[in-house]
Amino acid sequence: MITVVGTGVSAPPADVLAGAGLVVGGRRHLDAAAVPASAERVVLGPLAPALDVVERHLDKGSRVVVLASGDPGFFGIVRVLAERFGAGALDVRPGVSSVAAAFARVGVPWDDAVVVSTHGRDLRTAVNVCRARGKVAVLTGPGAGPAELGAALASGGAERGGWAGAAASGLVAQFPAPLKRVLLVASDLGTKDERVQRVTPAEAAARDWGSGVSVVLCLDESRALGGVRTVAGPPPAPSQWALEEGEFAHRDSMITKFEVRALALARLGPRLGDLVWDIGAGSGSVAVECARLGAAVVAVEKAADGVERIRANADAHGVDVQVVHGAAPDALAGLDDPDAVFVGGGGRELPGIVAACARRARRSVVVAMAALDRVPAVRTALTDAGFDCEGVLLQSSRLAPLPGDVTRLAATNPVFLLWGVRNPAYREGVAQ
């Protein structure tokens, strides 16, 4: 058996280590433990060599102890050990996880928190989760610690320099203030150097946090306590989407109709960890629905009254949408590259806007338009950028009452919906 011990906030008991032929762990775990003098010690670094040593000891019947932080089954080494040696070979003795300890230190319940790891992973996913949710615990990693997370949240961008990156071009006035978040950085939990510091994202970005292990709690403090929960984890996905137009404030029926919105959402595929742009957002109905499904969303709208309408609709549905007051494509300059983009409208500039979005989108672009004349150019813009393009003309008729307790069909305006999905064989502008 391999005994996997979560050290929690104290050293492992001596009896766990008694008779061990091999003890594996981080240097700080080994230094704090009463490792038998006869046992071989392996300091965890690259996993493959350490696992080879474990296998050699198991082959000769030697007892193996692996020391880990907190709960080793929670973003920990249990997964790797189970994949290599089988779950039946493990005797796991968990400690208090670093996430549980961090929330405990600040007195905040965490049954509704989202937990995301940046250790060996892409920072952008954590940033997008923090934008979309009001209670997130981030397990940091090298190059993706409190400073990097704070910089991305403070500037509005993890990749392209954020809003500040557009200042030199005079575009900065178009960009929104970052979402209201506070970071609680819990460092060296369970050690004599333990500390929890409350900072803004900008303050986190300006500090040197050293090389210590940190858990960063990213909170919207106005929603930190939440309500009574029966199911742990982030808020469940909404039971309805493609909401009725009456669920949104809009001007003169200038809103993406729910039939169109339903198919657009299906092709966008918004999910937690994604970033979605809604270009020419109007009422923000698509932006709000993507946010309800868990994505981080940036809505771009050139009309001042539209900007306020989008914010009001987001507030009414309890979601966060960052709103850019400006016109595409210029207003896109400081934004992070999106996973998916929705483009509405139908002016002469539409093909150029679609082309600019397609150059940046990682996965998909969906375009809604009323004008038949725009379809060929938009399709070309998508295919030229390496997208496989499909589309449909949506013509729907809704039930409507007539006098005499009878019903008629009321036709809605036809809308062309084109969508492009990035072709994985397309690289650097050249089809492979």
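A salt bridge links Glu194 to Arg105: at least one charged side-chain nitrogen sits closer than 4.0 Å to a carboxylate oxygen. Glu55 and Arg84 are joined by a salt bridge, as a carboxylate oxygen and a charged side-chain nitrogen come within less than 4.0 angstrom of each other. Salt-bridge annotation for Asp31 and Arg27: absent, with no side-chain N of the basic residue lying under 4.0 Å from a carboxylate O of the acidic one. A salt bridge is absent between Lys257 and Glu244: the closest approach of a Lys/Arg side-chain nitrogen to an acidic carboxylate oxygen does not fall below 4.0 angstrom.
Counting only N and O atoms by type, the side chains of Ser69 and His29 include a donor and acceptor under 3.5 Å apart. Using modelled atom types and a 3.5 Å distance limit, the side chains of His57 and Ser62 yield a donor-acceptor pair. Defined by atom type and a distance below 3.5 Å, a donor-acceptor pair is missing between the side-chain atoms of Thr118 and Thr140.
Put simply, the residue from Thr3, Leu58, Ile2, Val23 that forms a side chain to side chain contact (heavy atoms under 4.5 Å, CB included) with Arg63 is Thr3. Tested against Asp336, the residues Arg360, Arg124, Arg131 include a single side chain to side chain donor-acceptor pair (under 3.5 Å) partner, Arg131. A side chain to side chain contact (heavy atoms under 4.5 Å, CB included) with Leu183 holds for exactly one of Val136, Leu153, Val138, Leu219; it is Leu153.
Annotation: Arg79, atom CZ; neighbour count of heavy atoms from other residues, nucleotides and ligands within 6.0 Å does not exceed 12. Counting heavy atoms of neighbouring residues, nucleotides and ligands inside a 6.0 Å radius, atom CZ of Arg261 exceeds 12 of them.
Of the possible donor and acceptor atoms, one in the side chain of Arg363 sits under 3.5 Å from a partner among the backbone N and O of Leu268.
The closest side-chain heavy-atom distance from Val367 to Leu350 is below 4.5 Å. Between Ser285 and Asn313 there is no side-chain heavy-atom pair separated by less than 4.5 Å.
Of all heavy-atom pairs between Ala287 and Asp278, the closest is N-OD2, 3.1 Å.
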Ignoring hydrogens and angles, write down the donor-acceptor pairs under 3.5 Å from the side chains of residues 295-302, residues two or more places apart or on other chains.
unit_1: Glu301; atom_1: OE1; unit_2: Ala281; atom_2: N; d: 3.3
unit_1: Glu301; atom_1: OE1; unit_2: Gly282; atom_2: N; d: 2.7
unit_1: Glu301; atom_1: OE2; unit_2: Ala303; atom_2: N; d: 3.1

